[in-house]
Amino acid sequence: MITMEKNTSLNNLFVSIEEMRAVIALSPQERYNYTLKRIADTEIMWTIGTTDNFIITQVCENQKLFSVWSAKEYAQKFCETSFLEYECIAITLEYFESEIIDMICCKDIKMNVFPKSVDSVGLIVDINTFADDLGKILEDYD
């Protein structure tokens, strides 16, 4: 777990119930692509943590996972069953690049992009793949 700073302003994404249902029905690869595009749109990603801003990592088959979603609503949905005591934490791209990437590399943590529920994982990728894929999308925005 690592500690997070409080973010003051966010380019938050509003997700309708219809969009949420449609996205949750997508395959892990489609949810991954959707998440990358939405993160590029808002320059924000969401994860879960404790009330004092410690990020939670999950473990699947002895691999630590750092879960991210493109919007607060998806992270909240994930927490509905077993993670009720956790809150959603926004991470700016700037903070991700300056603080989170090094932590993920040093602790050999994989990215778990858009898991749907506690019992399932999203698309699991290493940090280099995630950063490269996100970087390609961000280049298109320039």
Side-chain angles (χ1 to χ4, degrees), residues 1-139 141:
M1 295 189 291
I2 66 165
T3 187
M4 288 289 299
E5 66 182 19
K6 293 282 185 190
N7 293 302
T8 54
S9 66
L10 302 174
N11 299 323
N12 204 4
L13 170 70
F14 172 76
V15 179
S16 69
I17 292 172
E18 295 80 16
E19 181 177 357
M20 182 177 284
R21 285 184 189 138
V23 172
I24 287 174
L26 296 173
S27 71
Q29 181 66 53
E30 291 169 320
R31 290 193 318 273
Y32 176 78
N33 295 337
Y34 168 88
T35 300
L36 291 175
K37 289 176 186 171
R38 291 303 199 157
I39 290 171
D41 287 342
T42 62
E43 298 185 4
I44 300 288
M45 64 186 75
W46 291 84
T47 193
I48 58 173
T50 62
T51 55
D52 52 357
N53 281 335
F54 282 96
I55 292 177
I56 302 302
T57 56
Q58 299 168 271
V59 177
C60 179
E61 297 177 7
N62 296 323
Q63 176 64 60
K64 289 182 185 176
L65 303 174
F66 178 70
S67 297
V68 295
W69 295 266
S70 57
K72 184 177 183 177
E73 291 87 349
Y74 298 121
Q76 286 173 324
K77 181 87 172 143
F78 179 82
C79 291
E80 283 180 353
T81 54
S82 296
F83 291 102
L84 293 172
E85 69 275 17
Y86 299 122
E87 63 182 36
C88 301
I89 299 171
I91 302 171
T92 64
L93 281 184
E94 181 180 331
Y95 190 80
F96 182 75
E97 291 171 0
S98 68
E99 302 292 329
I100 304 291
I101 289 176
D102 287 341
M103 180 273 305
I104 288 172
C105 291
C106 290
K107 295 187 178 192
D108 191 33
I109 298 172
K110 300 266 186 194
M111 299 293 296
N112 183 19
V113 181
F114 204 130
K116 294 193 303 186
S117 69
V118 175
D119 297 330
S120 73
V121 293
L123 190 67
I124 298 174
V125 296
D126 62 52
I127 189 61
N128 292 330
T129 300
F130 181 82
D132 288 347
D133 291 345
L134 182 57
K136 288 174 189 170
I137 293 171
L138 288 168
E139 283 176 7
Y141 282 69

**Q** Can you name the nearest heavy-atom pair linking Ile44 to Ala90, along with the distance?
**A** CG2-CB, 4.0 Å
**Q** Within the structure provided, determine whether Ile101 and Ile127 are in side-chain contact (heavy-atom separation under 4.5 Å).
**A** yes
**Q** Are any of the side-chain heavy atoms of Met111 and Val68 separated by less than 4.5 Å?
**A** yes
**Q** Among Ile124, Leu123, Ile39, Ile104, exactly one meets side-chain contact (heavy atoms from CB on, under 4.5 Å) together with Phe130. Which residue is that?
**A** Ile39
**Q** Working to the nearest 0.5 angstrom, can you tell me the gap between Thr92 OG1 and Ile100 CD1?
**A** 9.0 Å
**Q** State which residue, out of Lys37, Arg31, Gln29, fulfils the side chain to side chain donor-acceptor pair (under 3.5 Å) condition with Asn33.
**A** Gln29
**Q** Within the structure provided, determine whether Trp69 and Cys88 are in side-chain contact (heavy-atom separation under 4.5 Å).
**A** no
**Q** Rounded to the nearest 0.5 Å, what separates atom CD in Glu87 from atom NZ in Lys72?
**A** 8.5 Å
**Q** For Tyr32, check ring-ring contact (aromatic ring centres under 6.0 Å, His included) against everything at least two apart and list the hits.
**A** none
**Q** Return the orientation label for the Phe114 and Tyr74 ring planes: parallel under 30°, perpendicular over 60°, tilted otherwise.
**A** tilted
**Q** Which heavy atom of Val15 sits nearest a heavy atom of Met20, and at what distance?
**A** CG1-N, 3.8 Å
**Q** If we ignore hydrogens and angles and just use 3.5 Å, is the side chain of Thr129 paired with the main-chain N or O of Val125 as donor and acceptor?
**A** no
**Q** At what distance, to the nearest 0.5 angstrom, does CG of Leu26 lie from NZ of Lys116?
**A** 8.5 Å
**Q** Rounded to the nearest 0.5 Å, what's the gap from CD1 on Ile137 to CG on Leu36? Could you check?
**A** 4.5 Å
**Q** Does a side chain donor of either Tyr34 or Glu19 reach within less than 3.5 Å of an acceptor in the other side chain?
**A** yes
**Q** List in chain and number order the residues that pass side chain to side chain donor-acceptor pair (under 3.5 Å) with Asp132, two or more places apart in sequence or in another chain; answer none if no residue qualifies.
**A** none
**Q** Please report the shortest heavy-atom distance between Ile89 and Gly49, naming the atom on each side.
**A** CD1-CA, 3.6 Å
**Q** Please name all residues satisfying side chain to side chain contact (heavy atoms under 4.5 Å, CB included) with Asp102, sequence neighbours left out, ordered by chain then number.
**A** none
**Q** Once you round to the nearest 0.5 Å, how far does CE of Met45 lie from OG1 of Thr35?
**A** 10.0 Å
**Q** If you take all heavy atoms of Ala75 and Trp46, which pair is closest and at what distance?
**A** CB-CB, 4.4 Å
**Q** Using the test salt bridge (Lys or Arg N to Asp or Glu O under 4.0 Å), find all partners of Lys77 that sit at least two apart in sequence or belong to another chain.
**A** Glu80
**Q** Going by side chain to side chain donor-acceptor pair (under 3.5 Å), name the residues that satisfy it together with Ser67, two or more places apart in sequence or in a different chain.
**A** Gln58, Asn112
**Q** Suppose we screen for side chain to side chain donor-acceptor pair (under 3.5 Å). Which residues come up paired with Ser98, at least two apart in sequence or across chains?
**A** none
**Q** Identify all side-chain donor-acceptor contacts of residues 59-66 below 3.5 Å with residues at least two apart in sequence or on another chain.
**A**
unit_1, atom_1, unit_2, atom_2, d
Gln63, NE2, Asp108, O, 2.9

**Q** Could you tell me which residues satisfy side chain to side chain donor-acceptor pair (under 3.5 Å) with Glu30, sequence neighbours excluded, listed by chain and number?
**A** Ser27
